[in-house]
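Comments concern the structure below.
As the structure is a computational prediction, the values presented were derived from the model and not from experiment. FYI, side chains are in, hydrogens and waters are out, and symmetry mates aren't considered; it's all heavy atoms of this structure.
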Amino acid sequence: MKVSMDGMRRSATAAMNELADALTGAEEHLPRCQFELLAEAFNEAAQAVGLFNCVFSKYDELFNDLSDKIEIKRLGEDDE
């Protein structure tokens, strides 16, 4: 069975970005400290998925370096 690692990583990145949008939309309804904890946990997960987007195999056409092609949103970075 052949698996498209590119497709899996694109799907994971899209899901993370949808979660970022949902968390951003909920921010005004949460206490600041609770949102900051959620944002920190989200950003750690986003970093792990983002790192996976940089991994590739030159021997597999379905496992390319996506680091310049897709990006995961981060929460709270505009505040820094």
Side-chain angles (χ1 to χ4, degrees):
M1 177 169 88
K2 189 123 175 131
V3 175
S4 172
M5 294 300 292
D6 291 353
M8 290 175 57
R9 293 179 297 157
R10 287 181 193 280
S11 293
T13 297
M16 291 293 294
N17 287 336
E18 287 179 27
L19 179 57
D21 291 341
L23 289 170
T24 299
E27 180 177 6
E28 67 185 66
H29 304 289
L30 297 170
R32 186 72 194 156
C33 61
Q34 189 175 21
F35 179 77
E36 287 173 357
L37 287 172
L38 288 170
E40 183 178 337
F42 173 85
N43 287 338
E44 287 180 23
Q47 181 179 6
V49 174
L51 180 64
F52 191 48
N53 289 337
C54 299
V55 177
F56 64 96
S57 172
K58 65 180 181 180
Y59 304 108
D60 187 344
E61 71 276 1
L62 298 177
F63 195 11
N64 297 290
D65 180 1
L66 299 179
S67 60
D68 292 336
K69 295 176 178 61
I70 56 178
E71 185 175 340
I72 299 174
K73 297 175 183 178
R74 300 295 197 276
L75 298 179
E77 289 191 347
D78 292 341
D79 298 334
E80 296 175 9

Output the distance between atom [atom1] ([X]) and atom [atom2] ([Y]), rounded to the nearest 0.5 Å.
X: Arg32; Y: Leu37; atom1: CZ; atom2: CG; value: 11.0 Å
X: Leu23; Y: Leu38; atom1: CG; atom2: CG; value: 6.0 Å
X: Met16; Y: Ile70; atom1: CE; atom2: CD1; value: 11.5 Å
X: Ile72; Y: Gln47; atom1: CD1; atom2: CD; value: 10.0 Å
X: Phe63; Y: Lys2; atom1: CZ; atom2: NZ; value: 11.0 Å

Between the side chain of [X] and the main-chain N/O of [Y], is any donor-acceptor distance below 3.5 Å?
X: Asn43; Y: Arg74; answer: no
X: Asn53; Y: Lys69; answer: no
X: Arg9; Y: Val55; answer: yes

Legend entry - Thr13 versus Glu71, closest heavy-atom pair with distance: CG2-O, 3.7 Å

Legend entry - Nearest atoms (heavy-atom pairs only) where Met8 meets Val3: SD-CG1, 3.3 Å

Legend entry - Phe56 atom CZ, over 12 foreign heavy atoms within 6.0 Å: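 Not more than 12 within 6.0 Å, no.
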
Legend entry - Lys58, NZ atom: more than 12 neighbouring heavy atoms under 6.0 Å: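 Counting other residues, nucleotides and ligands, NZ of Lys58 stays at 12 neighbours or fewer.
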
Inset, instruction - Find out whether Phe35 and Glu28 are in side-chain contact, i.e. whether some heavy atom of one side chain is under 4.5 Å from a heavy atom of the other. - result: no

Legend entry - same_hphob_cluster(Leu75, Leu19) at 4.5 Å side-chain heavy-atom cutoff: yes

Legend entry - Residues which pass side-chain contact (heavy atoms from CB on, under 4.5 Å) with Ser4, listed by chain and number, not counting sequence neighbours: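 Ser4 satisfies side-chain contact (heavy atoms from CB on, under 4.5 Å) with Asp6, Leu62 once adjacent residues are dropped.
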
